[in-house]
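Each remark here refers to the structure printed beneath this line.
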There are 2 protein chains.
Amino acid sequence: MARTTIDDVAAAAGVSIKTVSRVLNDEPGVRTETRGRVREAIASLSYRPSLPARSLAGKRSNLIGLVYDNPSANYVFDVQSGAMARCRDAHLRLFIQSCNDLGGETVEEVLAMIDQTHVDGLVVTPPLSSDAALISALEERRLPFVRLAPDDTSRGGPCVIMDDEAAAHDMTEHLLDLGHRRIGFVAGHPEHPSSRLRRQGYQAALDAAGVGENQPIEQGFNDTASGYEAGRRLLSASKRPTAIFASNDDMAAGVVQAAHELGIDVPRQLSVAGFDDSQIAAIVWPALTTIRQPAYEMAFAAAGLLIDLVRDRPAPAVTELAYTLVQRGSTAEAP
Amino acid sequence: MARTTIDDVAAAAGVSIKTVSRVLNDEPGVRTETRGRVREAIASLSYRPSLPARSLAGKRSNLIGLVYDNPSANYVFDVQSGAMARCRDAHLRLFIQSCNDLGGETVEEVLAMIDQTHVDGLVVTPPLSSDAALISALEERRLPFVRLAPDDTSRGGPCVIMDDEAAAHDMTEHLLDLGHRRIGFVAGHPEHPSSRLRRQGYQAALDAAGVGENQPIEQGFNDTASGYEAGRRLLSASKRPTAIFASNDDMAAGVVQAAHELGIDVPRQLSVAGFDDSQIAAIVWPALTTIRQPAYEMAFAAAGLLIDLVRDRPAPAVTELAYTLVQRGSTAEAP
DNA sequence: TTGTAAGCGTTATCAG
DNA sequence: CTGATAACGCTTACAA
């Protein structure tokens with residue numbers, strides 16, 4: 001039951017292991033006919049090169065890493081799926097590392113993972129993509145990495161982004177177009193890079209419409225519970241808003257829940273807008289008008305960039321993907 | 001910038017690399033004082049042994065794998081988190097492999113992953129845990145594996161389960177206790193192991209109460225859309241049920257949505273129950289009465305079993321974890 | 001175009 | 001209790 005090795009393939013094809021290695025790595029300098037013979041031997045033995053052996057011997061491990069520190073199941077799932085799909089295309093393996101519930105040892109843990117697994121590069125997802133300590137540590141190691149949705153694209157190498165600010169601006173305009181003038185906002189988690197951008201877009205749109213003053217804003221923390229609390233505060237105020245824009249869908253769902261409890265009809269008496277288009281956006285009642293953030297596609301692109309990077313191919317510094325405003329039942333004309 | 005190796009540690013501690021290796025692997029035959037000296041050197045150099053080198057040289061890779069083929073973000077996230085936490089405790093790394101959207105190449109892909117990564121064992125999550133072809137292939141390779149929530153625990157080695165049937169039974173009894181006598185059911189995905197068990201529990205409880213005949217049952221596919229469709233069918237029938245029990249939360253959310261659309265008040269006119277206690281259960285309005293499936297804990301336990309297995313320690317064949325009936329706002333007395 | 005030999009960072013074997 | 005040396009399966013450098 002010993003594993004099939006490169007020697008077995010070489011023997012079967014009647015060549016040296018070096019030639020097999022050349023075929024494996026798509027290196028030039030092998031006659032087409034020889035190459036075919038080797039390929040056949042590989043297939044018939046269903047030989048699969050050992051990743052550990054390759055990474056030990058060569059400069060590459062054919063493994064790239066993805067790190068996250070994010071409690072949102074939907075987002076993490078989409079991001080993993082996108083990155084994995086891209087890796088599959090490139091015949092690379094993806095090593096996924098969670099840093100959830102790690103306290104202050106995040107950087108330490110990521111570095112340990114890098115050293116132990118020999119990953120060739122890293123996809124860094126939000127909010128880690130804006131973690132200064134981590135970014136510096138990676139730069140110091142000279143490990144190629146691509147950041148997903150960081151708040152600052154001016155330094156730190158290639159990244160894949162979406163224009164959160166413009167999206168929030170669009171959504172706010174959507175509400176203004178529906179006739180709303182008092183539009184509450186539930187701000188996102190202060191440590192999340194996109195929170196600031198979304199709030200800026202919201203404020204800018206209100207300012208442009210001349211109603212930027214004294215709009216009610218409450219702090220949330222990106223989970224349903226904090227959205228619910230913020231919603232209750234906003235809806236219990238004397239001058240109640242006719243629309244509430246929450247910085248993500250989970251919080252928007254919380255706002256909808258608060259409205260239900262207070263007997264406020266959504267969308268007739270209150271419009272609610274979310275952000276992310278996560279699974280729950282379509283599940284809550286009424287379904288949420290939201291911004292579809294192409295998490296899968298962004299991760300797919302990020303993995304692609306990283307692969308280019310580790311293969312010494314040129315890669316653009318900033319890749320921006322388009323968002324979409326998804327209009328559903330939770331927003332309507334102002335009462 | 002060369003990596004810190006076992007030689008560096010050996011030099012710093014004034015011992016041979018073999019002794020360092022012994023300390024690393026907690027092998028006996030090292031004087032306490034020597035061991036301490038080596039430990040200090042490891043810490044001060046922040047040395048981290050190379051996983052590839054270890055797996056190439058030794059019998060173990062210190063890596064275990066987790067495979068899934070499951071579209072539910074919440075479930076996958078919980079399972080990953082649980083397994084990863086257990087691995088962290090044991091100083092092992094977890095290699096996660098998705099088989100989503102792979103068509104018929106699932107077994108092939110898993111075997112390729114095993115060969116390439118040299119994982120010491122595998123946590124097999126549902127529905128792969130009931131995939132006969134995969135299980136046979138793993139047995140043939142003699143790779144240790146632990147199955148999560150398989151439908152058949154009688155063969156295939158250790159597994160971690162929850163009593164789906166008893167849970168569905170309990171939930172149905174809960175509805176009966178509330179006075180419901182016409183209780184619709186939305187069956188789960190036919191290829192999911194638990195679907196059959198949940199349906200059996202539902203039916204058995206009805207039979208025990210003497211109302212098992214002619215209850216309306218619709219087929220769903222574990223997603224919200226199919227739950228919505230099934231809900232519409234159930235609620236449009238001439239003899240409308242006063243309660244609907246869906247085989248998972250996503251479908252229950254779809255039923256709630258259908259009820260909203262038809263102007264049927266939940267829970268006053270219709271009670272709805274789900275299963276899984278996924279994130280959305282608490283988010284939909286009204287929040288779902290459901291069964292909490294301890295996905296995190298089950299995965300944690302499964303990883304623990306697997307670790308015992310690969311370290312040649314005895315492990316129980318079947319580990320059963322307890323579920324909880326979580327009562328929320330979606331169920332109430334029959335009208 | 002192909003092959004030979006050395007070595008990657010560990011663990012296993014066996015000797016001291 | 002400790003250490004020298006040979007693997008492990010591959011890539012790299014260099015020859016032929």
Side-chain angles (χ1 to χ4, degrees), chain A residues 1-38 41-42 45 47-63 91 93 112 114-120 310-312, chain B residues 1-38 41-42 45 47-63 91-93 114-118 120 310-311:
Chain A
M1 282 288 284
R3 82 169 17 248
T4 307
T5 73
I6 198 171
D7 296 286
D8 303 327
V9 177
V15 296
S16 77
I17 62 165
K18 176 67 227 194
T19 299
V20 178
S21 173
R22 287 199 178 92
V23 174
L24 244 35
N25 295 291
D26 284 319
E27 283 170 32
V30 181
R31 230 187 310 163
T32 319
E33 186 248 310
T34 314
R35 198 177 287 272
R37 208 143 33 90
V38 172
I42 289 176
L45 295 170
Y47 163 69
R48 307 192 248 260
S50 154
L51 235 39
R54 297 181 99 176
S55 49
L56 200 54
K59 304 191 177 319
R60 305 234 153 89
S61 65
N62 290 295
L63 234 201
H91 299 289
R93 295 275 164 195
I114 292 169
D115 281 353
Q116 292 188 351
T117 62
H118 295 212
V119 286
D120 292 330
V310 303
R311 292 185 175 162
D312 298 317
Chain B
M1 282 289 284
R3 86 174 10 252
T4 306
T5 74
I6 197 171
D7 296 286
D8 303 329
V9 177
V15 296
S16 77
I17 61 167
K18 179 65 222 188
T19 299
V20 178
S21 173
R22 287 198 179 93
V23 174
L24 244 34
N25 295 289
D26 284 320
E27 284 170 30
V30 181
R31 230 189 313 163
T32 318
E33 186 246 313
T34 314
R35 198 178 287 273
R37 207 145 31 91
V38 172
I42 289 176
L45 294 170
Y47 162 69
R48 304 191 252 260
S50 155
L51 234 37
R54 297 182 100 175
S55 47
L56 200 54
K59 303 194 179 318
R60 304 235 154 90
S61 64
N62 290 292
L63 235 198
H91 300 288
L92 281 179
R93 295 276 165 196
I114 293 168
D115 281 352
Q116 290 187 352
T117 62
H118 295 211
D120 292 330
V310 304
R311 293 186 176 161

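So that the names make sense, note that chain A is the first sequence line, chain B the second, and so on, each numbered from 1.
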With the side chain of T5(A) defined as its heavy atoms from C-beta on, choose the nearest nucleotide among dG3(D), dG9(D), dT10(C).
dG9(D)
Counting side-chain heavy atoms from C-beta on, which of dG9(C), dG3(D), dT4(C) comes nearest to V15(B)?
dG3(D)
Could you list the protein-to-nucleotides 11-13 of chain D atom pairs, N/O on both sides, closer than 3.5 Å?
{"residue": "dT11(D)", "atom": "OP1", "partner": "N25(A)", "partner atom": "ND2", "Å": "3.1"}
{"residue": "dT11(D)", "atom": "OP1", "partner": "R54(A)", "partner atom": "NE", "Å": "2.9"}
{"residue": "dT11(D)", "atom": "OP1", "partner": "R54(A)", "partner atom": "NH2", "Å": "3.2"}
{"residue": "dT11(D)", "atom": "OP2", "partner": "S21(A)", "partner atom": "OG", "Å": "2.7"}

Just the rounded figure in Å: distance from C1' of dC1(D) to CD of E33(B).
12 Å
Counting the atoms with a prime plus P, OP1 and OP2 as sugar-phosphate, which does S55(B) contact under 4.0 Å by heavy atoms, base, sugar-phosphate, or nothing?
nothing
Could you report the tightest heavy-atom contact between N25(B) and R54(B), atom names first, then the distance?
OD1-NH2, 2.9 Å
Rounded to whole angstroms, how far apart are CG on D26(B) and C1' on dT11(C)?
15 Å
Can you check the D115(A) CG to dG9(C) P distance for me, whole Å?
12 Å
For H118(B) and dG9(D), what is the distance between atoms NE2 and P respectively, to the nearest whole Å?
8 Å
Closest non-hydrogen atoms of S50(A) and H118(B), given as atom of the first, atom of the second and distance, are OG-NE2, 3.0 Å
Separation of L56(B) atom CG from dA6(D) atom P, in whole Å?
17 Å
Are the side chain of R3(B) and the backbone N or O of D115(A) linked by a donor-acceptor pair below 3.5 Å?
yes
What heavy-atom pair brings V30(B) and T34(B) nearest, and what distance separates the two atoms?
CG1-CB, 3.9 Å
Side chain to side chain donor-acceptor pair (under 3.5 Å) involving D120(B) - partner list, sequence neighbours excluded
S61(B)
For the pair R60(B) (side chain) and V310(B) (backbone), establish whether a donor and an acceptor sit closer than 3.5 Å, ignoring hydrogens and angles.
yes
Closer to the 5' end of DNA chain D via nearest nucleotide, is it D7(A) or V30(B)?
V30(B)
Hey, is the side chain of S50(B) poking within less than 4.0 Å of OP1 or OP2 on dG9(C), counting only N and O atoms?
no
Taking S55(B) for the side chain and L51(B) for the main chain, is one N or O donor matched with an acceptor at less than 3.5 Å?
yes
Is any side-chain N or O of T34(A) closer than 4.0 Å to OP1 or OP2 of dT1(C)?
no
Would you mind reading off the bend of the helix from dT1(C)-dA16(D) to dG16(C)-dC1(D) from its two end axes, five pairs each, to 10 degrees?
30°
Provide the closest heavy-atom pair for I6(B) versus I17(B) in the form atom of the first, atom of the second, distance.
CD1-O, 3.6 Å
For V20(A) and V38(A), which heavy atoms make the closest approach, and how far apart are they?
CA-CG1, 4.1 Å
